[in-house]
Each structure stands twice: as C-alpha cells, then as structure tokens.
Amino acid sequence: MTFETVYPSAVTLGGEDDQTAPFQRPQSLMFSFLGIYVLHRDIAVYSGSVIDVFARLGVSEEAVRSTLARMVKRNLLERHRQGRKVYFGLTPHAVEVLEDGRKRVWETGAVNRDWDGTWTLVGFSIPDSRRSTRHDLRSRLIWNGFGLLQSGLWIAPGVRDVTDVLASLQLGDHVNVLTARAFAPTEAADLVGKAFDIEQIAARYRAFLAQWDVPKPLAGAPDDLARQLLLHTDWLHLVRQDPHLPAEHLPRDWPAIQAEQTFQTLAQRYEPPAAELAAAVLDTLAV
C-alpha cells in the first residue's frame, strides 16, 4: 500500500480558494514547512532540497516549483542566488503570515476559555451592483471566525481587528464595526447557536481525531518528517476555520479539547526525528 493510497488528498491539486481540503494545495504544506524550518532562522532554502522534502509527501517537482514561483509573485518569498543554485527566503509579509499561524497553533489554541463576554459586530449593506464585493466580504468574515446572526449582521466572540479583513474592498460607509455585549432577553448561548454551525465545527475535529488519534497515524507515510508536515498543515487549517467560540457555551465533550491534546502530543513526538531528517536534506543559505 502506497502513501498516496493512505492519504490521497496530499497529492491532488485543488482550486486556489479551496478551504475545505488543506492538502489539495501544496501551498498549504509549504506554509507548514516554512513555519517550522525557516521562520525566525534568517535562512533561505535551496529549491532542490525543498523538492526533496516534498517528494516525501507525494508532491511533484513541477507542483513545488509552481508553488514557489506563485509565492514569489505574492510577495511571500524572495529569491537568493548563489552560483547556479536558487534559494528561497521569507519576505516581511511572509514572516507576518507565518507568525500569525504560529500564534494560532501554539498560543490561541483550539479552546476559548478566556472569553470576557464581548462580541465584535460587523454590519453592512452593499448594493447589488457590488455583488462580488459582498461575496468577498462574506468569505473573509467566515475565514476570520465570524458567523451570520441575521441579514447583514455578522458576529465573532471577543474583540477582533478586522482592518485586514476590510482592506482593499473599499466599502466606505457600507460597513460598520462595533463591539457589544449581550443583554436580556438575548443570551450569549443563543447567539452561538444562531450564528454558528456547532455540529459542523465539531465534525471537523472528529475527522481530525479519526485521522490522527490512532495507534499509528499515517502508517503509510515514508517517515516522521512527512507526518510532521501533514499534521501541522491539517491542524492549522482546522484552527483557522474555528471561530474560537467560548467554551462555556459549547458541549462538555467538545472534541476540540481532545484534538488539541492529540496534536500537541504528536507534534512533540515527531519533532526530534523530523528535525534530524530535515537537517540531512535541507541546503540552506544565511540571509
């Protein structure tokens, strides 16, 4: 049985905006790789060694080169040449993106136990002549943990800075951003139930547990470096989709708790052998 049979989605190129299957885009795996092995190290990595690492994941050389080129165009990577070799290092923009991911994984976590009762509200009324803008705004709000409470009104727990969410959309007076607290007869638990699909969120965590909370996760993977990158990619995609709802308004058996414990246990298990493998494969350049 091959690794592709065990984890077929790891090698299937999906759409650029696909947010439901993280491994369908090599770029998602690339973010995990860069976050673990390049972020805050002041290095660039040789493209050939990146190709060698991604071969473990069943990602083709063509897909890796295409991903690297696309990330250069998006100002996420910059090229460094030494002789005939091309190395790729992080831009300040990439450092910002990767640091946000690191914080979500290791600091914010999957369970919100510190909610202070505050909600961020985004209300908007965008004319039909700007339907595409309205669609873009809705997509960005969902990706940033907001739920639709009622027509034109989206909410997220806690104080959220939505400056980046609204950037480039040029909404002007079409949108209002507020913070608020629930008062009787409105209950916070009712807001959670109305604005968010609790079962769908739970189902994603259960799927993660079904994949990783087993005696030998991804037994068909070639080594722990491959498992590490897939684990981190899977988990980051999961927590980025999680609106981080207050724990006191979720079921007591909320699967995110067990899922987070599983991730942390496996991340620690894979780190030493994966780091050793990476050190043997990666060709780096100080920048």
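Everything numeric in this text was worked out from a predicted model, so none of it was measured.
The hydrophobic cluster containing Y46 does not contain V59, counting ILVMFWY residues as joined when their side-chain heavy atoms lie under 4.5 angstrom apart, directly or transitively. Hydrophobic clustering (ILVMFWY, side-chain heavy atoms < 4.5 Å, transitive): F146 and L137 are in one cluster. The hydrophobic cluster containing V287 does not contain F33, counting ILVMFWY residues as joined when their side-chain heavy atoms lie under 4.5 angstrom apart, directly or transitively. Under the 4.5 Å side-chain heavy-atom criterion for grouping Ile, Leu, Val, Met, Phe, Trp and Tyr, L236 is not connected to I257 through any hydrophobic cluster. No continuous path of hydrophobic side-chain contacts links L231 to L209 [ILVMFWY only; heavy atoms under 4.5 Å].
Contact record, F54 with P26: CE2-O, 3.9 Å, taken as the closest heavy-atom pair. Here the closest heavy-atom approach between residue N112 and residue E248 is recorded as O-OE1, 4.4 Å. Here the closest non-hydrogen pair linking A247 and V111 is CB-CG1, 4.0 Å. For the residue pair S47 and F88, the shortest heavy atom distance occurs at CB-CE1, 3.6 Å. For P222 against R56, the heavy-atom pair with the smallest separation is CG-O, 3.2 Å. Between P217 and V214 the shortest heavy-atom distance is CD-O, 3.5 Å.
Heavy atoms from other residues, nucleotides or ligands lying under 6.0 Å from CG of D114 number 12 at most. The local environment of CD in E99 is crowded, with over 12 non-hydrogen atoms from other residues, nucleotides or ligands closer than 6.0 Å. Within 6.0 Å of atom CD in E107, more than 12 heavy atoms from other residues, nucleotides or ligands are found, so the atom counts as buried in its surroundings.
No donor-acceptor pair under 3.5 Å is formed between the side chain of T118 and the backbone N or O of V159. Remark: the backbone N or O of L148 is not paired with any side-chain donor or acceptor of R138 at under 3.5 angstrom. Judged by distance alone, with hydrogens and angles left aside, the side-chain atoms of Q228 form no donor-acceptor pair with the main-chain N or O of A274 at under 3.5 Å. Judged by distance alone, the side chain of T265 and the main-chain N or O of Q261 form a donor-acceptor pair under 3.5 Å. Side-chain N or O atoms of D190 include none that pairs as donor or acceptor with a backbone N or O of T186 at under 3.5 Å. Judged by distance alone, the side chain of D164 and the main-chain N or O of A167 form no donor-acceptor pair under 3.5 Å. Counting only distance, with no hydrogens or angles, the side chain of S28 and the backbone of T233 share no donor-acceptor pair below 3.5 Å. Side chain of T120 to main chain of R160: a donor-acceptor pair is present (N/O by atom type, distance under 3.5 Å, no hydrogens or angles).
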Residues L245, I198; criterion side-chain contact (heavy atoms from CB on, under 4.5 Å); working and verdict: CA-CA 9 Å; L245 299 172; I198 303 300; 3.5 Å; yes
Using the side-chain contact (heavy atoms from CB on, under 4.5 Å) rule, take F263 and V105 through it: C-alpha gap first, then chi angles, then the decisive distance, then the call. CA-CA 10 Å; F263 165 75; V105 169; 3.5 Å; yes
Run the side-chain contact (heavy atoms from CB on, under 4.5 Å) test on L29 and L230 for me, step by step, so that the C-alpha distance in whole Å, both residues' side-chain angles and the decisive distance to 0.1 Å come before the verdict. CA-CA 7 Å; L29 289 163; L230 290 166; 3.8 Å; yes
Worked verdict on I51 versus R65 for side-chain contact (heavy atoms from CB on, under 4.5 Å): CA-CA 8 Å; I51 290 168; R65 292 192 184 279; 3.5 Å; yes
Evaluate D197 against R204 for salt bridge (Lys or Arg N to Asp or Glu O under 4.0 Å), listing each step before the verdict. CA-CA 11 Å; D197 189 338; R204 290 197 287 261; over 6 Å; no
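Atoms CG and CE, on L57 and M30 in that order, are 10.0 Å from each other to the nearest 0.5 Å. Distance check: L98 CG to L39 CG gives 5.5 Å after rounding to the nearest 0.5 Å. A distance of 8.0 Å separates CG of D242 from CH2 of W235, quoted to the nearest 0.5 Å. To the nearest 0.5 angstrom, F208 atom CZ is 5.5 Å from D234 atom CG. To the nearest 0.5 angstrom, Q258 atom CD is 10.5 Å from R206 atom CZ. With rounding to the nearest 0.5 Å, the separation of CG in L169 from OG in S132 is 9.5 Å.
In the model, Q241 has a side-chain atom that pairs as donor or acceptor with a side-chain atom of H237 under 3.5 Å.
When side chains are defined from C-beta on, L76 does not count as touching R70, because their heavy atoms never get closer than 4.5 Å. Between R79 and L68, every side-chain heavy-atom pair lies at or beyond the 4.5 Å cut-off. Contact of the D100 side chain with the R104 side chain is registered, since non-hydrogen atoms from C-beta on lie closer than 4.5 Å. Residues Q264 and W106 have side chains in contact (heavy-atom distance under 4.5 Å, counting atoms from C-beta outward). Counting heavy atoms from C-beta on, the side chains of H174 and T133 never come closer than 4.5 Å. Within the 4.5 Å cutoff, side-chain heavy atoms of P243 are placed close to those of I201. With contacts defined as side-chain heavy-atom distances shorter than 4.5 Å, the pair L77/L34 qualifies. Side-chain contact between H135 and R131 is absent, with no heavy-atom pair separated by less than 4.5 Å.
We find that R227 and D224 are joined by a salt bridge, their nearest charged nitrogen and carboxylate oxygen being less than 4.0 Å apart. A salt bridge is absent between K194 and E187; no separation between the charged side-chain nitrogens and carboxylate oxygens falls under 4.0 Å.
Aromatic ring pairs are classed by plane angle as parallel below 30°, tilted from 30° to 60° and perpendicular above 60°; the pair F124 and W154 is parallel. Relative orientation of the W119 and F196 rings is parallel, given thresholds of 30° and 60° on the angle between their planes.
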